[in-house]
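Every chain is numbered from 1 and lettered A, B, ... according to where its sequence line falls, protein lines coming before strand lines.
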Amino acid sequence: MTIEITNETAESQNVNFIKEIIIQDLKDGKNDGRVATRFPPEPNGYLHIGHAKSIILNYGLAKEFGGTFNVRFDDTNPVTEDPEYVNSIIEDIKWLGAKFEGRLFYASDYFEQMYEWAVELIKKGLAYVDDLTPEQLKEYRGDYNRPGIESPGRSRSVEENLELFERMKNGEFADGSMLLRAKIDMSSPNMNLRDPIMYRVLHRHHYRQGDKWCIYPMYDFAHGYEDSIEGITHSICTLEFENHRPLYDWFLDNVSIKYRPRQYEFARLNLNYTVMSKRRLLELVEKKYVSGWDDPRLPTICGIRRRGFTASSICSFAERIGVAKRNSTVDIGLLEHAIRSELNETAPRVMGVLNPLKVVITNFPEDETISFEAPLFPDKPEMGTRIVPLTREIYIEQDDFREDPPKKYFRLSPGAEIRLRYACLIRCTGVVKNADGTIKHVECTWDPESRGGTSPDGRKVKGTSHWVSAKFGVKVTTRLYDRLFNVENPMDQEGNYLDYLNPESLVVNDNCVVEPFVATVEPGTRWQFERMGYFYADPVDSEKGKPVFNRIVTLKDSWVKVEQKQQTAPPATAPKAEEKPAEDYITIDDFNKIKLVVGKVLTAEGVDGADKLLRLTVDLGESKPRQVFSGIKSAYPDPSVLINRNVIVVANLKPRQMKFGLSEGMILASQSGKSLAVLFADASMNPGSPVS
RNA sequence: UCGGGGAUCGUCUAAUUGGCAGGACAAUGGGCUCUGGUCCCAUCAGUCAAGGUUCGAGUCCUUGUCCCCGAGCCA
């Protein structure tokens with residue numbers, strides 16, 4: 001039953017506007033019922049979670065409609081591109097689970113065909129070679145309010161254009177000296193249509209084509225053709241390309257192509273507390289604010305992976321945020337929720353103390369060890385156990401002890417008793433301090449009757465702490481990651497976004513102690529350190545018997561909220577009732593606007609299909625009585641007692657259409673505790689008389 | 001200033017295309033608990049504004065406001 005509901009919600013959430021278009025296209029028999037999508041990265045940087053959204057969208061669409069999904073490197077600019085990025089991009093797409101065997105393509109493989117189409121456009125008189133300098137080009141283009149000026153090159157003959165373009169291709173011109181432009185409209189309000197550049201001269205080595213080409217096509221010219229060649233049906237890109245769609249269409253409509261794709265745009269993903277642009281990411285990496293492209297604080301796919309996120313959690317995140325055209329910034333909490341809810345199901349529970357505080361159990365034999373068998377999944381004990389040793393000296397979390405505990409603190413404090421998870425109950429009997437007043441260790445006694453952690457006499461123990469044997473515990477390093485920036489949108493702040501980096505986005509902690517079992521854990525596995533968070537045994541820095549743990553995400557912690565509230569709330573004497581009106585939600589003036597009149601109840605009856613509602617007709621001294629619905633049936637099981645009584649009606653409300661009819665007012669009633677009663681007016685008053 | 005897009009709970013996103021504004025996250029309250037976790041229940045909360053059409057408007061019309069994108073030989 002639960003599963004059905006989940007499926008329903010998942011499905012209904014999944015229908016975004018692009019899917020709707022596809023469903024309609026299929027219904028209309030377009031594209032022979034074919035669905036073909038693609039993800040076209042430029043190999044000039046690492047993929048981030050915004051790309052993941054696009055990959056999952058495109059791949060998901062293809063998969064759902066039995067279509068195909070291509071990965072195509074849009075490698076039309078050898079200046080910025082580097083084969084180094086190709087491998088990382090492929091790795092990231094594969095990791096996400098998008099399959100594209102046999103469907104990996106390169107735009108550069110289409111250069112020959114594109115060249116032919118360019119020639120075709122020249123022959124049709126729709127393209128020309130231009131020799132404007134970059135400065136002139138800019139000047140001739142005009143601006144938003146001023147139409148552009150046609151370049152002298154625009155009037156060249158077809159023959160001359162053909163010859164010049166040939167020579168461009170043959171390397172006779174220097175970089176930047178010649179261009180091939182489309183002849184469209186220099187006065188178009190869409191700047192993209194002011195004779196856009198199709199080819200530029202670039203004497204550069206291409207990582208796939210070598211030195212075969214010295215002219216390279218521009219995105220607008222190339223992209224639609226790439227899609228056409230691959231038979232892409234739905235070419236999905238981000239919003240900033242909306243203005244380019246007319247161009248996409250123009251190039252496709254003016255040459256002889258076999259297949260005509262369509263472009264659709266959706267809003268790119270923005271996340272708060274981070275930055276997403278390639279430029280910013282590159283700067284963070286190059287200036288060493290982070291350790292590399294896979295720094296676990298980065299929103300790059302490799303960073304998220306290194307942090308310990310799973311691909312499936314990214315997918316469920318992508319499904320939750322949906323696809324739309326409105327710019328938005330998704331709360332990073334949604335991503336955290338996605339990984340928490342998965343790891344809650346899949347991550348085994350173990351114990352690790354992040355900030356150790358030594359506890360000596362004074363009545364525990366010096367050399368004795370008691371072994372407890374603790375479940376890896378407390379809610380599913382059949383999933384396996386491990387052995388946890390208890391000794392006289394243990395470590396607990398510093399946060400789990402307070403010498404001077406605040407209210408509602410259920411953890412260890414002098415005289416208090418807590419449970420050591422899976423082990424026993426201990427009571428604090430003393431605090432031993434260093435000369436400087438800091439705590440050296442805490443002394444406790446244990447109740448030998450409470451072995452296993454159950455209280456022998458049924459006494460209540462509210463706090464449970466995780467712990468590690470001092471003798472058998474293993475020291476490990478954890479890296480505690482937090483949001484990269486301490487403001488929601490670093491780019492919207494005064495000054496440089498780098499000023500808002502969170503200095504505590506990474507805390508390396510070498511003093512953690514984990515139970516012995518944890519030291520044997522394989523790199524690349526995920527664990528919940530009980531009460532602390534989910535951790536990932538780093539696949540790179542872990543060594544045999546000495547794992548290094550990345551904190552993926554903390555557990556939700558409602559204690560910090562309780563404590564914060566205690567600290568901020570104390571003056572509870574503040575007159576709360578007076579605060580609201582002062583906030584100008586409702587003023588005396590508003591009250592004065594309410595028109596209260598006496599109404600005589602003419603009829604009163606229950607309403608079929610509504611168990612709380614009464615239908616009343618009330619005479620307000622107007623030309624005809626009003627119908628009013630009121631949720632007071634529980635107080636008047638026999639509605640007829642209301643007939644002929646005078647009640648108070650709010651007369652100047654906007655009539656409200658209800659399922660059962662129009663409600664033209666509101667009966668005043670009062671509710672105190674469980675008793676509900678209509679406010680009656682003096683029987684001697686005439687219907688319609690004002691009430692103050 | 002011109003062109004293109006957009007505006008629904010705090011956040012993200014739905015609404016059978018004119019018919020009870022729903023879900024998720026967050027928050028709040030409660031229950032449960034050997035994790036102050038999970039889980040369960042409940043609550044809070046929204047149609048940018050003003051007019052108009054209509055029995056009925058988030059949806060249609062008019063006017064306005066605000067936000068995003070656009071003047072790379074980048075993609």
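Under the rule for a ring pair (Phe, Tyr, Trp, His ring centres under 6.0 Å), the partners of A:F165 that lie at least two apart in sequence or sit in another chain are A:Y115, A:Y199. Under the side chain to side chain donor-acceptor pair (under 3.5 Å) criterion, A:S455 pairs with no residue, sequence neighbours left out. Under the rule for a ring pair (Phe, Tyr, Trp, His ring centres under 6.0 Å), A:H466 has no partner lying at least two apart in sequence or in another chain. Annotation: ring pair (Phe, Tyr, Trp, His ring centres under 6.0 Å) contacts of A:Y248 (sequence neighbours excluded): none. Remark: A:T238 pairs with A:E240 by the side chain to side chain donor-acceptor pair (under 3.5 Å) rule, at least two apart or across chains. Residues that satisfy the side chain to side chain donor-acceptor pair (under 3.5 Å) test with A:H244, not counting sequence neighbours, are A:D220. In terms of the ring pair (Phe, Tyr, Trp, His ring centres under 6.0 Å) criterion, A:F105 has no residue partners (sequence neighbours excluded). With sequence neighbours left out, the side chain to side chain donor-acceptor pair (under 3.5 Å) criterion links A:R279 to no other residue.
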Using residues 323-339 of chain A as the side-chain source, report each donor-acceptor pair under 3.5 Å to any protein atom, sequence neighbours left out, with the distance given to one decimal.
{"residue": "A:K325", "atom": "NZ", "partner": "A:E242", "partner atom": "OE2", "Å": "2.5"}
{"residue": "A:D331", "atom": "OD1", "partner": "A:G333", "partner atom": "N", "Å": "2.7"}

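For B:rA21 and B:rU8, the C1' atoms lie 8 Å apart once the distance is rounded to whole Å.
Below the 3.5 angstrom threshold, one finds a donor paired with an acceptor across the side chain of A:Q528 and the base of B:rU35.
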Quiz item: Which letters describe nucleotides 70-75 of chain B, given B = protein heavy atom under 4.0 Å from base, S = only from sugar-phosphate, - = neither?
Solution: BBSBSB
Practice problem: Classify every nucleotide of nucleotides 25-31 of chain B by which part a protein heavy atom approaches to under 4.0 Å, writing B for the base, S for the sugar-phosphate alone and - for neither, in 5'-to-3' order. | Solution: SSSSS--
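Taking 4.0 angstrom as the limit, A:T464 places none of its side-chain polar atoms (N or O) nearer than this to OP1 or OP2 of B:rU33.
Ring centroids of A:F309 and A:F317 are separated by 6.0 Å or more, keeping the two rings apart.
Nearer the 5' end of RNA chain B, as judged by each residue's closest nucleotide, is the contact made by A:R245, out of A:R245 and A:D557.
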Quiz prompt | Structure string for RNA chain B in dot-bracket form, Watson-Crick and G-U at under 3.5 Å, | interchain | solution = .((((((..((((.....[..)))).(((((.......)))))....(((((..]....))))))))))).....
